[in-house]
Amino acid sequence: MSAEYQVKGNIAVITLNNPPVNGLGHASRAAVVEGMQQALQDEAITAIVITGAGKAFSGGADIKEFNSTKAFAEPSLQTVINVIENASKPVIAAIHSVCMGGGLELALACHYRVATAGAQIALPEVKLGILPGAGGTQRLPRVLGLEMALNMIVSGTPVVSEKLAKTGLFNQMLEGDLMQGAIDFANTVAATRPLPRVRDIKIDYPNHEAFLQFSRNTVGAMAGPFPAPLKCVEAVAAAVTMKFDDGIQLERQLFLELVQSTESKALRHAFFGERAAGKIPDVPEDTPLRPIKSVAVIGAGTMGGGIAMNFANAGIPVQILEMKQEALDKGLATIRKNYENTLKKGKLTQEKFEQRLALITGTMSYQDIAQADLVIEAVFEEMGVKQQVFKKLDEVMKPGAIMASNTSTLDVDMIASFTQRPQDVIGMHFFSPANVMKLLEIVRGKATAKDVLATVMALSKKIKKTGVVSGVCDGFIGNRMIEQYSRQAGFLLEEGCTPEQVDKAVEKLGFAMGPFRMGDLAGNDIGWAIRKRRYIDKPLVTYSKTADLLCELGRYGQKTGAGWYDYKPGDRKAYPSQVVNDMIVQHSADLGIARRNISDQEITERLIFSLVNEGAHILEEGIAMRASDIDMVYLSGYGFPLHRGGPMFYADTLGLPNVIMAMDKYAKGRHGDAWKVAALLAKLAKEGKTFN
Ligand code: 3HC
Ligand code: NAI
């Protein structure tokens with residue numbers, strides 16, 4: 001049942017009932033229209049209340065329908081809205097919890113709106129790359145005024161209902177029972193005629209053109225590659241400059257254009273991808289979780305400190321264990337400095353600053369951490385050191401404690417084998433800076449217990465991370481793929497590119513940073529250490545030696561004041577380096593390579609398609625559960641442009657046969673073996689399918 005019809009005295013009550021958030025899918029829309037007709041035909045009914053069951057009034061249009069014709073099938077949301085607005089009996093929206101998007105547009109078509117406190121009110125369509133397409137841009141300015149409505153529509157940010165209590169949006173704020181309050185209100189307005197309609201309100205905003213121009217300028221400067229924010233301004237402008245029906249028509253036209261745009265499809269993909277990542281098919285959603293009330297972190301280095309901050313930020317006490325007092329003091333001082341910087345920027349209150357610092361304590365004794373519910377190891381990336389630590393943890397930790405490793409490349413199954421309780425061992429791969437980056441790869445070992453996995457997944461939400469499950473392999477999802485990308489970046493240097501040219505091409509595609517600026521930021525010595533190991537473990541894998549030559553020059557990146565680029569003291573700007581460019585040209589000559597001009601298209605295709613092909617292998621092997629998980633890894637951890645939806649989604653939009661055609665071309669060049677098409681990619685392309 002997608003909406004229920006009940007009669008309470010003389011009042012008809014239509015209750016949206018489409019869990020989880022009463023999305024206005026086709027069946028719900030049809031049920032509302034049916035309920036309206038029934039109420040209008042029943043002479044005993046004097047007014048109609050519309051509300052939502054469960055945890056929302058309505059979360060808006062059913063986004064899942066957007067990729068099908070169902071979204072536009074009659075009765076459309078427009079039709080529902082017209083039926084409500086033109087009803088001959090008063091219609092009252094009884095709002096609670098969540099009233100967003102099409103849900104708010106439906107409420108705005110009602111003659112009256114009552115609400116309880118604490119309801120999240122928003123037109124968040126812009127976050128999905130669209131604009132409110134059922135009258136929201138025309139009606140909201142009529143009840144909130146031009147400025148407030150524009151801010152809400154362009155930002156998509158929810159406003160809590162009590163903050164809007166004094167605006168024209170609500171006729172009454174209710175305390176106590178919503179339904180009783182709404183029915184009482186309905187009885188007081190049952191005889192009122194003519195019925196008030198938001199569309200009839202005149203917007204009074206002298207000199208609106210100046211305000212609109214200011215908005216176009218500021219919004220345009222912030223919108224980046226997304227067309228929706230400026231279209232929102234255009235539609236809201238119509239609310240003051242056009243007749244109501246013309247404004248509605250313009251809004252509709254802009255909405256239809258945006259729904260079809262790749263940017264919106266990418267944002268919708270990311271919305272569902274983030275939610276899908278939390279679902280693990282063989283782990284039931286009601287799996288009992290292990291309580292995590294205290295955490296311990298082993299190692300107070302770059303990662304350990306940032307990891308600890310996540311838990312303190314979520315109000316969970318955390319102990320950090322180090323071997324030496326000096327290292328512990330240094331780690332704790334760095335944490336304090338980080339919080340002080342946030343405090344100085346005004347992003348943290350003094351009270352919270354103190355609370356968070358008080359939650360982080362240091363120790364050098366394993367006995368002190370024995371009762372922690374979760375321990376995360378973040379010591380040096382060496383199996384021998386991990387072995388020592390996990391053996392010790394196995395000895396001291398209380399039964400049932402979860403034991404996690406933050407390793408970025410090592411075998412989590414082997415780490416688990418150092419303990420007598422491999423079922424309690426899991427990988428929690430944070431990204432640097434760990435207190436900032438959204439991504440958390442949750443590495444499921446072959447023995448990891450389901451409740452351990454479910455607990456860590458739930459915890460990732462609590463500490464505001466995007467948790468993505470990965471199987472065990474060298475580099476897991478993200479770093480395993482980035483290795484192929486980095487290899488191509490190195491080969492491009494040998495064949496004719498400069499670091500600047502490669503970075504610019506990738507950044508033009510929308511990446512936050514190209515591979516070489518990224519290397520300079522993260523430290524080129526990290527990759528160097530990994531490659532040295534690989535030269536022994538995987539002698540058949542080829543790499544360009546340019547990155548090794550760079551490190552041999554001591555150019556580790558920003559931390560040494562020089563990397564792929566030159567840096568000036570106190571300035572993070574990257575300046576092209578003659579030394580590096582000469583080194584690269586010399587290296588090409590040593591290899592006997594005639595350097596050539598390489599197009600931006602070749603650069604981006606080689607970098608991105610190498611990600612895609614490795615992603616396909618990762619899917620084939622079951623390391624990632626779904627293509628959207630890979631996209632979430634890249635969107636939340638690697639600065640992949642959001643408007644392109646992640647590497648796998650991007651490949652889908654280009655067309656997989658086109659991707660393969662380009663790969664075949666590159667297979668004829670140097671290191672052609674890198675372009676062997678993954679079986680899954682070949683299969684999907686052949687069947688006319690996509691990854692997502
Ligand atoms: N359509 C379809 N499904 C939706 C949905 C929607 N509008 N909003 C949420 N859902 C689904 C989610 O996919 C998720 O499903 P799952 O359990 O199967 O994974 C479930 O509802 C719960 O979502 P959350 O995990 O996000 O739950 P929260 O309680 O944290 O948040 C929410 C609820 C605030 C409603 C949040 O989901 C949200 O912001 N949703 C998007 C709201 C939105 O963008 N509305 C505008 C839609 S476009 C529109 O209305 C067009 C119109 O102008 C014509
Ligand atoms: P780091 O060198 O900055 O810190 C390691 C810390 O561990 C040092 O403070 C050291 O004193 C301490 N330590 C070493 N052995 C110890 C032991 N036996 N007991 C207690 N403390 C011990 O290293 P970083 O960068 O923090 O890396 C830690 C782990 O996180 C590694 O496994 C690394 O691969 C992983 N990682 C690193 C990322 C990065 O960008 N730096 C990103 C993601 C994971």
Side-chain angles (χ1 to χ4, degrees), residues 18-25 55-66 71 76-78 81 97-106 120 122-137 153 156 158 251-252 255 258-259 264 267-268 271-272 274-279 285 297-307 320-324 326-328 330-331 334 364 366 376-389 392 405-410 415 427-434 437 439 441 461 476 478-479 521-523 526 529-530 637:
N18 182 20
V21 297
N22 298 323
L24 293 163
K55 69 174 195 175
F57 172 80
S58 170
D62 187 340
I63 316 164
K64 289 194 186 94
E65 283 188 352
F66 281 9
S76 66
L77 191 50
Q78 295 278 13
I81 279 172
S97 313
V98 167
C99 179
M100 293 188 178
L104 179 55
E105 292 176 298
L106 184 147
Q120 298 288 318
L123 286 177
E125 286 85 345
V126 72
K127 293 184 180 171
L128 299 171
I130 52 176
L131 50 66
T137 63
I153 291 169
E251 177 198 80
R252 190 82 199 139
F255 174 82
L258 288 172
V259 161
S264 172
L267 287 172
R268 274 137 54 193
F271 177 86
F272 287 117
E274 179 156 11
R275 283 152 185 84
K279 298 184 171 59
E285 292 206 357
V297 176
I298 315 292
T302 311
M303 294 306 288
I307 293 171
I320 309 186
L321 183 144
E322 265 285 350
M323 285 183 308
K324 293 200 179 115
E326 198 190 340
L328 183 58
K330 192 172 161 221
T334 306
M364 291 197 301
Y366 273 90
I376 304 172
E377 163 280 307
V379 301
F380 301 137
E381 185 76 342
E382 283 170 32
M383 201 49 116
V385 187
K386 307 277 187 203
Q387 180 170 11
Q388 265 176 20
V389 170
K392 188 73 192 164
S405 172
N406 181 49
T407 178
S408 28
T409 51
L410 300 176
I415 293 176
M428 287 178 76
H429 184 214
F430 288 83
F431 287 70
S432 181
M437 294 297 290
L439 178 60
E441 278 183 329
K461 288 205 180 85
F476 314 124
N479 284 346
L521 181 69
I526 295 182
I530 294 173

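All values below come from the heavy atoms of this structure, side chains included, with hydrogens, waters and symmetry mates left out. Counting begins at 1 with the first residue of the sequence. Order of appearance sets the numbers: ligands from 1, and atoms from 1 within every ligand.
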Residue and atom name of the nearest protein heavy atom (relative to atom 16 (P) of ligand 1), distance in Å to one decimal: Lys279 NZ, 3.4 Å
Numbered atoms and elements of ligand 1 in range of Gly101, under 4.0 angstrom, heavy atoms: 46 (C), 50 (O)
Ligand-residue contact atoms, ligand 1 with Phe272, heavy atoms, under 4.0 Å: 13 (O)
Inventory of protein N or O atoms under 3.5 Å from ligand 2 N or O:
| unit_1 | atom_1 | unit_2 | atom_2 | d |
| --- | --- | --- | --- | --- |
| ligand 2 | 3 (O) | Thr302 | N | 2.9 |
| ligand 2 | 3 (O) | Thr302 | OG1 | 3.0 |
| ligand 2 | 9 (O) | Glu322 | OE2 | 2.5 |
| ligand 2 | 11 (O) | Glu322 | OE1 | 2.8 |
| ligand 2 | 11 (O) | Glu322 | OE2 | 3.2 |
| ligand 2 | 26 (O) | Thr302 | N | 3.3 |
| ligand 2 | 26 (O) | Met303 | N | 2.8 |
| ligand 2 | 30 (O) | Asn406 | ND2 | 2.9 |
| ligand 2 | 32 (O) | Val379 | O | 3.3 |
| ligand 2 | 32 (O) | Glu381 | OE1 | 2.5 |
| ligand 2 | 32 (O) | Lys386 | NZ | 2.6 |
| ligand 2 | 34 (O) | Glu381 | OE1 | 2.9 |
| ligand 2 | 34 (O) | Ser408 | OG | 2.7 |

Sub-4.0 Å atoms of ligand 1 with respect to non-hydrogen atoms of Pro132: 53 (O)
Can you list every pair that meets salt bridge (Lys or Arg N to Asp or Glu O under 4.0 Å) and has a residue in residues 376-387, with sequence neighbours left out? Glu377-Lys386, Glu381-Lys386
Expected output: side-chain Ser264 to main-chain Leu128 donor-acceptor under 3.5 Å: yes
Got the closest protein heavy atom to atom 40 (N) of ligand 1, with its distance? Phe271 CZ, 3.5 Å
Tell me whether Arg268 forms a cation-pi arrangement with Phe272, defined as NZ or CZ under 6.0 Å from the six-membered ring centre and within 45 degrees of its axis. no
Provide, to 0.1 Å, the distance between atom 47 (C) of ligand 1 and the closest protein heavy atom, together with that atom's residue and name. Ala61 O, 3.8 Å
Which of the numbered atoms in ligand 1 are under 4.0 angstrom from any heavy atom belonging to Glu105? 52 (C), 53 (O), 54 (C)
Considering only non-hydrogen protein atoms, determine which one is nearest to atom 20 (C) of ligand 1 and report residue, atom name and distance to 0.1 Å. Pro20 CG, 3.3 Å
Would you mind running through ligand 1 and noting each atom that sits below 4.0 Å from a heavy atom of Leu128? 44 (O)
Which of the numbered atoms in ligand 1 are below 4.0 angstrom from a heavy atom of Lys55? 27 (O), 29 (O)
Polar-atom distance check: Gly102 versus ligand 1, any N or O pair below 3.5 Å? yes
